[in-house]
Participant: 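Pasting in a structure now, in structure tokens, and then I'll have a few things to ask.
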Amino acid sequence: MHVAVLGAGYAGLGVTRRLEDALPPSVDITLVNDGPEHVLTHEVHRAIRRPAVADAITVPLAEVLDRATLVTDPVADLDAEAGVVETTAGQTLSYDYGALCFGSETAYYGIEGLRDHAHPLKTLDDAAAIREDALATIERGGDLVVGGAGLSGVQVAGELAALAREENAAVPEDVSITLVEQLETVAPNFPANFRRAVHDALVERGVDVRTETTVERVDDDAVYTDGGASTDGGDHRDGDDHADGESHADDGRLTYDTLVWTGGIAGRAPTEGERPVVRADLRLTDRTLALGDAARVVDTDGEAVPASASAAIREAKTAATNLERLVESDDDGFRPRLDRYRFDVPGWLVSVGDGAVAQLGPTVLTGAAAKAAKTTVGAGYLTTVGAIRQARDLAEAELAE
Ligand SMILES: Cc1cc2nc3c(=O)[nH]c(=O)nc-3n(C[C@H](O)[C@H](O)[C@H](O)COP(=O)(O)OP(=O)(O)OC[C@H]3O[C@@H](n4cnc5c(N)ncnc54)[C@H](O)[C@@H]3O)c2cc1C
């Protein structure tokens, strides 16, 4: 019997570590990842301002796996019905039961010029490229634009504002940071008090938040939007003058020197860019589950689960239980009763530069309490995956700010 887990992010590593404990030694487990490391994707924006954080959020998989065989080669092709995987190096793996956990790509929605001109932010390499470009913009004075105000976009805008300040640039006089969002609010899928606190934290740091603003086209110099609303108290639609006397925004045209796009996610190549829908038992086919960003999970209440590390970590528990039951059912011949995932997280936490916003139950915290909560959760997660050194380093890096 062979169980394969495809992707070693929050979802895949969580499933694999549970199966290592739960399945009998006679069952082989393979973890296929496109590299030898587990990276805390939800912290990669920190590396824009603090490159040294990269080390604390990178966990060599070999150090935290017990008996699973690790294949460090991307999945190129997948037959989820038959249970057959092909890697880019041409290796073919067959599995009896499997879990598809390879996360997501940046979605560009076919917006003209966007893919060619914007930085995505998914990996530490992306963060390094954004840092280099943003530092050059900050040094000469210019415009930084972030498209998409979900969890990643709000945190990127916060980091860029803090980076500009650390480089002694005044925001928005020397350097403008504009966060563009198509929907009515920042962090649109999250509770109202959290959205408000995140919005206020960004505006306090000089970020120009433009909601109800749709990016329509991008060229070498500008992002063309449908106009939209500035929610930071000012109305910049007629143009705001910078030190160089040039207008940054005019009739929905936003000039940029550095552009980061965090406006959405799409499936990866092995699922042809799709994120397949799975119901609460996470079953994609008879033998394959799908979870984390790689799938659109509809939970046991019929609610769409937000793509998030918080959800991926919790879905991994349901997936591991269900894979264990499927393996057992192969022996006893009964159709297994599968667990169903209900989306339930204690709250949400984001960093906004060197500050943070935490929503814990009905309460929203900012300042030192929110930072402490964020540090505890990040380091706590690393501890649960056995990355003790990284947990200590992350806590030290966060508390040093
Ligand atoms: C900047 C940023 C900030 C964020 N902030 C938050 C936050 O504050 N809170 C929150 O809950 N969520 C946050 N998120 C979202 C969160 O990071 C994702 O929802 C989460 O990473 C999804 O987990 P996953 O395991 O499905 O995928 P991932 O964590 O992306 O892991 C996928 C794994 O699969 C591997 N892989 C990719 N392609 C292949 C392939 N072809 N073959 C094999 N392996 C492959 C990848 O290398 C990776 O190891 C943030 C995301 C970003 C980018």
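Excluded from the calculations below are hydrogen atoms, water molecules and symmetry mates; all remaining heavy atoms, backbone and side chain alike, are included. Treat the numbers as computed from the prediction; the structure is a model and nothing was measured.
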Participant: Under the 3.5 angstrom rule, does the side chain of R18 hit a backbone N or O of T321 as a donor-acceptor pair?
Facilitator: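 Not a single qualifying donor-acceptor pair exists.
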Participant: Kindly indicate whether the side chain of L23, heavy atoms from C-beta on, has any atom under 4.5 Å from the side chain of E324.
Facilitator: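 Sidechains of E324 and L23: in contact.
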Participant: Exactly one of R279, R314, R325 should register a salt bridge (charged side-chain N to carboxylate O under 4.0 Å, His left out) with D339. Which one does?
Facilitator: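 Exactly one pass, corresponding to R325.
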Participant: Check the side chains of K371 and S351 for a donor-acceptor pair under 3.5 angstrom, ignoring hydrogens and angles.
Facilitator: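 Side chains of S351 and K371: no pair found under 3.5 Å.
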Participant: Give the minimum heavy-atom separation between F102 and A294, together with the two atoms involved.
Facilitator: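 Result for this residue pair: N-CB, 3.9 Å.
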Participant: T288 and Y95: which non-hydrogen atoms are nearest, and at how many Å?
Facilitator: OG1-OH, 2.7 Å
Participant: Check this for me, if you would: do R131 and D133 make a salt bridge, where the nitrogen-to-carboxylate-oxygen distance has to be below 4.0 angstrom?
Facilitator: no
Participant: Is any NZ, NE, NH1 or NH2 atom of the basic residue among D21 and R17 found under 4.0 Å from an Asp or Glu carboxylate oxygen of the other?
Facilitator: no
Participant: Closest approach of L284 and A80, non-hydrogen atoms and distance?
Facilitator: CD2-CB, 4.0 Å
Participant: Measure across P306 and A311 and return the closest heavy-atom pair with its distance rounded to 0.1 Å.
Facilitator: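 Here P306 and A311 meet closest at O-CB, 3.7 Å.
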Participant: Would you say the side chains of T137 and T258 form a donor-acceptor pair under 3.5 Å?
Facilitator: yes
Participant: If we ignore hydrogens and angles and just use 3.5 Å, is the side chain of E86 paired with the main-chain N or O of A76 as donor and acceptor?
Facilitator: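 Absent.
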Participant: Looking at every non-hydrogen atom in both residues, tell me the closest pair between V75 and P270 and how far apart they are.
Facilitator: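 Shortest heavy-atom contact: O-CG, 3.3 Å.
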Participant: To the nearest 0.5 Å, how far apart are CZ in R46 and CG in D354?
Facilitator: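 Reported to 0.5 Å precision, the distance equals 8.0 Å.
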Participant: Check D299, D301, T318 against R342 for a side chain to side chain donor-acceptor pair (under 3.5 Å) and give me the one that passes.
Facilitator: D301
Participant: Considering the options E166, E396, E159, which one meets the salt bridge (charged side-chain N to carboxylate O under 4.0 Å, His left out) requirement together with R50?
Facilitator: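 In the set E166, E396, E159, the residue that makes a salt bridge (charged side-chain N to carboxylate O under 4.0 Å, His left out) with R50 is E166.
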Participant: Are D126 and H119 linked by a side-chain donor-acceptor pair shorter than 3.5 Å?
Facilitator: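 Side-chain D/A pair, D126 to H119: absent.
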Participant: Classify the ring geometry of H38 against Y381: parallel below 30°, tilted from 30° to 60°, perpendicular beyond 60°.
Facilitator: tilted
Participant: For S104 and D293, work out which heavy atoms get closest and say how close.
Facilitator: OG-OD2, 3.0 Å
Participant: Has R195 got its NZ or CZ under 6.0 Å from the middle of the six-membered ring of F190, at an angle within 45 degrees of the ring axis?
Facilitator: no
Participant: Verify side chain to side chain donor-acceptor pair (under 3.5 Å) between T88 and D73, making sure each step is shown before the conclusion.
Facilitator: CA-CA 6 Å; T88 52; D73 191 22; 2.7 Å; yes
Participant: Run the ring-centre check on H2 versus Y97 and record whether the distance is less than 6.0 Å.
Facilitator: no
Participant: Could you go step by step and tell me if R389 and D55 meet the side-chain contact (heavy atoms from CB on, under 4.5 Å) rule?
Facilitator: CA-CA 10 Å; R389 177 188 63 77; D55 196 38; 3.5 Å; yes
Participant: Are T255 and D221 linked by a side-chain donor-acceptor pair shorter than 3.5 Å?
Facilitator: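 The criterion, which ignores hydrogens and geometry beyond distance, is not satisfied for D221 and T255.
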